[in-house]
Amino acid sequence: MAKGSIKDSDLQNTKKWGDAKYIEDDIIIVDDISNAPIPHEAMRMNFIILALCTDGHATYTLDTEEKTIHRNDVLIILDRHVVSNFCGSKDLKGLCIMLSVRFFFETIRNVSDVSSLLLFSRYHPIVNFSEQEADTFRNYFYLLKAKAADSSNMFRRNVVSTLTLAMFYDLSNVIQRVLATGGERQSSSEIIFTRFIKLLEQNYKHERRVSWYADQLCITAKYLSETIKNVSHRTPNEWIDNYVTVEMRVLLRNSSKSIKEIAEELHFANQSFLGKYFKEHVGMSPSEYRKG
């Protein structure tokens with residue numbers, strides 16, 4: 001791969017894939033990946049892909065590793081990873097769900113062990129489903145597609161979000177099955193990442209210093225930063241900011257709390273500090289986001 005040849009992917013372009021159904025730029029559902037325009041250059045994912053191969057096979061490179069998917073294989077690609085050299089067989093067919101990073105974290109924030117899902121997808125980007133598991137995924141897919149297409153439903157987004165959460169619970173169940181039969185052990189870096197995410201899930205509302213998390217893990221902040229970046233392609237600060245901004249979005253959209261009350265709940269010095277933080281990471285003020 002030539003230096004400088006990696007391009008950023010654009011979730012909006014995937015809306016043009018055949019009979020795609022979508023809700024804004026948050027979730028896009030395509031039932032025939034064979035019609036997808038395959039880019040010639042390497043693409044860095046800015047969204048999450050969950051796809052089921054229903055027929056045929058395909059090869060591709062994920063970061064620097066060559067991968068092959070077959071029938072009943074589920075492909076999981078999180079953002080920041082680079083996909084290149086995709087080549088599908090003539091009989092390739094598959095179902096594909098694409099999620100914005102924001103929608104992904106807003107949706108699965110209630111899954112009890114997000115860290116396991118994040119870590120698993122990095123080291124197991126392809127999972128072979130049993131026939132029953134594949135049927136379950138297909139049922140979720142077609143129900144999600146139907147609900148995403150129903151623009152007359154004033155609760156469409158909530159319904160799709162709830163169904164997506166249920167799908168990820170079932171996916172997590174498959175992950176536990178694979179881990180139980182694989183007998184694989186986590187590396188020291190994976191253990192640190194898992195412990196960091198668990199700490200973050202419990203403390204992000206009141207602790208945003210990388211040094212604090214490093215102290216809890218009995219390592220230096222520099223070592224924590226290097227380890228987390230290597231495992232997840234994100235820095236600890238990016239993980240912290242993501243958890244905090246997702247919580248802000250949820251509270252602004254789904255609660256009647258004032259911005260001052262939200263600032264107090266998230267341990268900001270005052271409402272002004274929260275406003276600056278939110279605008280820096282989201283691109284608009286909290287009041288503008290709430291009105292939107």
Any side-chain heavy atom of [X] sitting closer than 4.5 Å to one from [Y]?
X: Val160; Y: Leu144; result: yes
X: Phe103; Y: Ile48; result: no
X: Ser189; Y: Thr227; result: yes
X: Asn203; Y: Tyr243; result: no
X: Leu52; Y: Phe141; result: no
X: Ser100; Y: Asp25; result: no
X: Arg195; Y: Leu199; result: no
X: Ile259; Y: Leu252; result: yes

N-O pairing of Arg234 and Asp79 below 4.0 Å
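The answer is yes: the pair qualifies as a salt bridge.
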Test: Arg138 and Asp135 ion pair at under 4.0 Å
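Yes, this pair counts.
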Are any side-chain N or O atoms of [X] and backbone N or O atoms of [Y], one a donor and one an acceptor, separated by less than 3.5 Å?
X: Ser225; Y: Ala221; value: yes
X: Arg156; Y: Ala148; value: yes
X: Glu207; Y: Arg209; value: yes
X: Asp26; Y: Ile23; value: no
X: Ser232; Y: Lys229; value: no

Intermediate values then yes/no, side-chain contact (heavy atoms from CB on, under 4.5 Å), Ile97 and Ile27
CA-CA 7 Å; Ile97 298 175; Ile27 181 168; 4.1 Å; yes
How far apart are the C-alpha atoms of Phe168 and Leu99, what are their side-chain angles, what is the distance that settles it, and do they pass the side-chain contact (heavy atoms from CB on, under 4.5 Å) test?
CA-CA 12 Å; Phe168 272 108; Leu99 309 166; 3.7 Å; yes
Show, in sequence, the C-alpha distance, side-chain angles and deciding distance for Glu133 and Arg177, and conclude whether the side-chain contact (heavy atoms from CB on, under 4.5 Å) test is met.
CA-CA 11 Å; Glu133 291 166 345; Arg177 185 260 296 169; 2.5 Å; yes
Taking every non-hydrogen atom, the tightest pair across [X] and [Y]:
X: Ile76; Y: Leu50; answer: CG1-CD1, 3.6 Å
X: Thr107; Y: Ser161; answer: CG2-O, 3.4 Å
X: Phe104; Y: Leu78; answer: CZ-CD2, 4.2 Å
X: His233; Y: Glu238; answer: O-OE1, 4.4 Å
X: Val30; Y: Met98; answer: CG2-CE, 3.7 Å
X: Gly88; Y: Ala58; answer: CA-CB, 3.9 Å

With side-chain contact (heavy atoms from CB on, under 4.5 Å) as the test, pick out the partner of Leu171 among Tyr140, Phe129, Phe137.
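Answer after filtering Tyr140, Phe129, Phe137: Phe129.
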Regarding Asp91 and Ser89, do their side chains bring together a donor and an acceptor under 3.5 Å, going by distance alone?
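The answer is yes; a qualifying pair exists.
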For the residue pair Asp241 and Tyr277, confirm or rule out a side-chain donor-acceptor distance under 3.5 Å.
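Yes, a side-chain donor-acceptor pair sits under 3.5 Å.
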For the residue pair Tyr289 and Phe278, does the interplanar ring angle fall in the parallel (under 30°), tilted (30 to 60°) or perpendicular (over 60°) class?
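It falls in the perpendicular class, over 60°.
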Please determine whether the number of non-hydrogen atoms from other residues, nucleotides or ligands lying under 6.0 Å from atom [atom1] of [X] exceeds 12.
X: Lys145; atom1: NZ; result: yes
X: Lys93; atom1: NZ; result: no
X: Tyr142; atom1: OH; result: yes

Using ring-ring contact (aromatic ring centres under 6.0 Å, His included), reason through Phe268 and Phe273 one step at a time and then give a plain yes or no.
CA-CA 6 Å; Phe268 280 87; Phe273 274 95; 8.1 Å; no
Return each pair, listed once, that meets salt bridge (charged side-chain N to carboxylate O under 4.0 Å, His left out) where at least one residue sits in residues 273-292; pairs must be two or more places apart or across chains.
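Counting only pairs at least two positions apart or across chains, no salt bridge (charged side-chain N to carboxylate O under 4.0 Å, His left out) contact touches residues 273-292.
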Nearest 0.5 Å please: distance from the [atom1] atom of [X] over to the [atom2] atom of [Y].
X: Thr68; Y: Glu66; atom1: OG1; atom2: CD; value: 7.5 Å
X: Leu224; Y: Leu217; atom1: CG; atom2: CG; value: 6.0 Å
X: Arg157; Y: Glu24; atom1: CZ; atom2: CD; value: 5.5 Å
X: Asn158; Y: Leu163; atom1: CG; atom2: CG; value: 11.0 Å
X: Glu106; Y: Thr245; atom1: CD; atom2: OG1; value: 9.0 Å
X: Leu92; Y: Cys53; atom1: CG; atom2: SG; value: 5.5 Å

Hey, mind stepping through His57 and Asp73 against side-chain contact (heavy atoms from CB on, under 4.5 Å) and telling me if it holds?
CA-CA 9 Å; His57 66 274; Asp73 281 348; over 6 Å; no
